[in-house]
Amino acid sequence: VLFVNSNYNTTTTLMQHASTTTHNYNNLITYISAHTHTFLDTYIHTHAHTHTHFEGMRIITVAVVLATLHFAGIGFMLGSVLFQHEDSAFTNTQKPLLDDSAFTNTHKGVPDITSVEQEEQDKDHETTSKQELSTAKHKATNTKHRHNKIEAMIHGHEGPFLDIEWPSHLGFNNVRFQLEVMLYVANILHRKLLVPDRLRMRSCTDDTACANSRCIPLMDDYWYCPTTMFLDQAALDLAGVVLVTLDVDDDVARQDTHSVVGALDMMYASNTVWVDRIPRRVKNTLGNDNRPTHNGPLLHYHRFDLGCELTFLRQVSLAWGQEEGKVYVKGIWDEFYNINATVLRLQGPPLRIGVSLYSWASVNSLASFQRLRHHAVVYTPDVQRLAEEAVNTLLNSTPSSTMNLVTTLFTCVHLRRGDFVELGWTGADSDIEVVASALEHVRQERDGYNHVLYIATDESNRSMLAPLKKLGAKYWSDIVENVDSSPESLLFFSDYVGLVEQTICSKADVFYGSQCSTFSGGIFNMRAAHKSDYNMDTLSSLIKNKM
């Protein structure tokens, strides 16, 4: 009863449990999960914020519960019948997952989307959703019969698939950003995203432990470790991610693959606005060269001002004609959806720091992207557990002099050093004395609290951090003995410790990050997903405002 009367998060948890504990009905669960993905894609895209959203989730939950109770056939048929009934009850009463106030509109004077235009966009998606779903099922069925050999090579997952170039030299936070952006592209195209089954780890601190792990050594203290030791596999599976080895990926590419040369370069073209999908009211007025007409319906689109930290915090809303040099309009769905191949490979670099690959044609589809990445790209349960234990250790280490203070204020700081300092990317926070003074100024403004300060940093020379130690700062080395490492933990890699520290900082009351650090950007994004009050800024901004 608790499962059935719950929301999306509980449904996700239930399906994760079902997929990991069911043995006799693995094929059934895989089948339901695949249809859940297709349904969620169409449903989220067209009815992202209806009040009946949770009703659809309850129905899928019912089907899964009955299936796992050995009422497989009846369960799926019941789910299908109820789903059709609920589909007729969908409304256009929409409320964004993240309230618009959670974003900063950085483009002043931009006209808001009128309710009429928004309704036209919603109806446009609604009138075509059933046709798209039917087409997607037809394409998947045809692919299944024509390309059984290829499907079997991709760990039994049925296509179609989306493949991109995954640069192996980039750090984890850059790769995670690419995953978040491209997962939505795959979602739009009704494809499963192919992702490398290993990602890079740096800086082994225990040669024996690293050698005995499931990681493969490379050169210069770099290792390839299983992706599922970074990210929660159950969440990836539900989002339609398929983990593949490089050999399998190359083999698939030589067979039933349609490669679009320079596709992602085209999407970065400065003269073109790329959106997830062109609204029909706009598309019907475009010329053959994809140029909007002056007397046609006005295109509104939305994207994020990513900054060099690659954050999804500041929304930019624009209308056609407000960006100089934009001549063409193209849509991801419009350009690539009808390509009939088991594997669609979009070639080109998926990441350019600070530049958005695409925009969204409605605030609803943008919120769908936010929801998808929040639920799909999450750290492993082991990382979450280690972070929780670390936070408890920090909060329980209250000095005796502050025991009489009722409220604890937990502040976390990411202090990026190393090459960032050498290249001058950190700005004013390169001087740790200045950083300490700014933090002390904030502490004086918030007198009456029991202050707990945690510093996540790659600075190996602890003497450099002496000014922060005077503030009672704690570091990973101060708390590592109080966390219970498991066989799945990779705490002997500094990058893995970084995942734990990001999670620690995401739970803090206040966070200050390093300018132009995607590590800090990841924390900003995590906090935006789970905290109603962000209470975060860069150290450079803090110093500018306080000093």
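Values below: every heavy atom of this structure, side chains too, minus hydrogens, waters and symmetry copies. Just so it is clear, the model here is predicted, and its values are computed rather than measured.
One distance of note links CZ of Arg200 with CG of Leu170; it measures 7.0 Å at 0.5 Å rounding.
For Ile216, the side chain to side chain contact (heavy atoms under 4.5 Å, CB included) criterion is met by Arg198, Tyr224, not counting sequence neighbours. Taking the ring-ring contact (aromatic ring centres under 6.0 Å, His included) definition, one finds that Tyr454 meets it with nothing, sequence neighbours left out. Under the side-chain hydrogen bond (donor to acceptor under 3.5 Å, both in side chains) criterion, Ser489 pairs with Asp382, Ser486, not counting sequence neighbours. Residues passing the side chain to side chain contact (heavy atoms under 4.5 Å, CB included) test with Val260 are His258, Ala263, Met266, Phe336, Ile339, Leu344, Leu346, sequence neighbours excluded. Applying the ring-ring contact (aromatic ring centres under 6.0 Å, His included) criterion to Trp476, with sequence neighbours excluded, gives no partner residue. Asn212 pairs by the side chain to side chain contact (heavy atoms under 4.5 Å, CB included) definition with Thr208, not counting sequence neighbours. Scored by the salt bridge (charged side-chain N to carboxylate O under 4.0 Å, His left out) test, Arg303 finds Glu323 as partners (sequence neighbours excluded). Shown here are the salt bridge (charged side-chain N to carboxylate O under 4.0 Å, His left out) partners of Asp206, two or more places apart in sequence or in another chain: there are none. Qualifying salt bridge (charged side-chain N to carboxylate O under 4.0 Å, His left out) partners for Glu165, counting only residues two or more places apart in sequence or in other chains: none. Taking the side chain to side chain contact (heavy atoms under 4.5 Å, CB included) definition, one finds that Thr503 meets it with Tyr379, Val383, Gln384, Ala387, Ser506, Lys507, Met526, sequence neighbours left out. In terms of the ring-ring contact (aromatic ring centres under 6.0 Å, His included) criterion, residue partners of Tyr358 (sequence neighbours excluded) are, by chain and number, Trp360.
Residue pairs meeting the salt bridge (Lys or Arg N to Asp or Glu O under 4.0 Å) criterion with at least one partner in residues 495-504, sequence neighbours excluded, are Arg202-Asp495.
Scanning both residues, Phe304 and Leu313, for their nearest heavy atoms gives CD2-N, 4.1 Å.
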